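Here is the structure we will look at, set down as structure tokens.
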Amino acid sequence: MGDNKTNLIINYLPQTLTDEEFRSMFLSIGPIKSAKIVRDKATSYSYGFGFVDYEHEQDAQRAIDTLNGLQLQNKHIKVALSRPGGEVIKGANIYIRNLPKHYTEKEVIDLFCNYGNIVQARVLTDPQTNESKTVGFVLYDKKHEAELALKELNNKTPPGGALPLLLKFADDNSKKVRPPASNMSYYPPRYPQDIYHQIGAPRFPGGPMRNSGSNRFRYNPMAASHNQQGMGGQSNSDGQNILFVYNIGYDTTEKELWSLFSTYGTVLKCNVIWDSQKGQGKGYGFVTMSMWQEGMNAIQELNGYHFKNGPITVSFKK
DNA sequence: TCCGATT
């Protein structure tokens, strides 16, 4: 492919979109030479993007005009001219940490646009709260632009920020196998029957016990009154009840951690830290409890508990 | 493998 403007890249395709649906959607604009969703060879798992090559430039442009931003299921697809391949565009993607919390894509673009032509900027947000995760990506058109930006901005504190930015070239995920879904953030279904009238359920005298579904019970504040340390509220001094859990092994799922800690209260969030280089867990994770006292209780009961690999350590996150 | 976050 040369300078022709017939080839489109389509991003943010819903996972379940079939090749037939994809093709007919773009065929409705005009005749096409090819249409393809990029999938994992072995599993045919869609990578969420694809290419369409039109016979005519004006149809490609019309596809951009009419289909870009179209909502399909829970996604808004992006339709744009695909860039020509080759070495100069590889490694042009930068991964950013320590973005100021209030930075949106606009502020990121303002900061990074001085070093080259930005194809795309992204700030990752928590899907629950919409808050910035203070990490993001800037994809430049050319590799040398990314190299320049990295040199100029790495370890520099941006306007309105408190921490120096940490930049690196982003991993090339294009040929990697995706981690299993069990390593995504796990939010369990709600069981209304578990939320009420469970106070006073017996505590297990020994170690923790796997619980699931109907035999779950809530933390009983009366059973742990000896643990009170003057924290009448719901949070520790950080305003959070996040536990650091170490030595959980490299194959523990968030579902398993969730289940383990649910014995001691309401788990709000559970993360197993994933090593995308090695394709396995890093051996630790974080569990957010709804109340400080629940976290304290989990620490007392689970720190040193022999879980899968050996004794785990449980403490409040630093 | 010892305090995340990888579109």
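By convention in this document, chain letters (A, B, ...) are assigned in the order of the sequence lines, proteins followed by strands, and residues within each chain are numbered from 1. All values reported here derive from a predicted model rather than from experimental measurement.
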Notebook entry, point to check: So, does A:Asp275 use its side chain to make a donor-acceptor pair with the main chain of A:Lys282 at under 3.5 Å?
Noted result: no
Notebook entry, point to check: Given side chains that start at C-beta, do those of A:Leu268 and A:Met289 come closer than 4.5 Å, heavy atoms only?
Noted result: no
Next item on the list: Can you figure out which of B:dG4, B:dT6, B:dC3 approaches the side chain of A:Asp171 most closely?
Entry: B:dT6
Margin query: Expressed as a whole number of angstroms, how long is the span from A:Asn247:CG to B:dC2:P?
Written below: 12 Å
Next item on the list: Report which part of the nucleic acid A:Ile273 touches: base, sugar-phosphate, or nothing (heavy-atom distance under 4.0 Å, all strands).
Entry: base
Check: What is the distance from NZ of A:Lys317 to C1' of B:dG4, rounded to the nearest Å?
Finding: 8 Å
Margin query: I need the CG-P distance between A:Asp275 and B:dC2, as an integer number of Å.
Written below: 11 Å
Item checked: Ion pair check, A:Glu87 and A:Lys90, cut-off under 4.0 Å -> yes
Next item on the list: For this output row, return yes or no: ring centroids of A:Phe286 and A:Phe244 closer than 6.0 angstrom.
Entry: yes
Notebook entry, point to check: How is A:Gln280 classified with respect to the nucleic acid when contacts are heavy atoms under 4.0 Å: base, sugar-phosphate, or nothing?
Noted result: base
Next item on the list: Give the rounded distance in Å between these two atoms: OH of A:Tyr95 and C1' of B:dT6.
Entry: 5 Å
Checklist line | Centroid distance under 5.5 Å and plane angle under 30°, A:Phe286 vs B:dG4 | finding: yes
Next item on the list: Please check if atom NZ in A:Lys151 has more than 12 non-hydrogen atoms from other residues, nucleotides or ligands closer than 6.0 Å.
Entry: no
Check: B:dT6 C1' sits how many Å from A:Gln277 CD, rounded?
Finding: 10 Å
Check: Rounded to the nearest Å, what distance is computed from the NZ atom of residue A:Lys101 to the C1' atom of nucleotide B:dA5?
Finding: 10 Å
Item checked: Euclidean distance, atom CD1 of residue A:Ile312 to atom C1' of B:dC3 [Å, nearest integer] -> 15 Å
Note to self: For the base of B:dC2 and the side-chain ring of A:Tyr284, does the geometry meet a stacking cutoff of under 5.5 Å between centres and under 30° between planes?
What the structure shows: no
Next item on the list: Let me know, please, whether A:Tyr246 or A:Lys168 comes out on the 5' side of the other along DNA chain B by nearest nucleotide.
Entry: A:Tyr246
Item checked: Gap between atoms CZ and C1', on A:Phe244 and B:dA5 respectively (whole Å) -> 15 Å
Note to self: Just to be sure I understand the rule, does A:Ser315 reach a base, reach only the sugar-phosphate, or reach nothing, if contact means heavy atoms closer than 4.0 Å?
What the structure shows: base
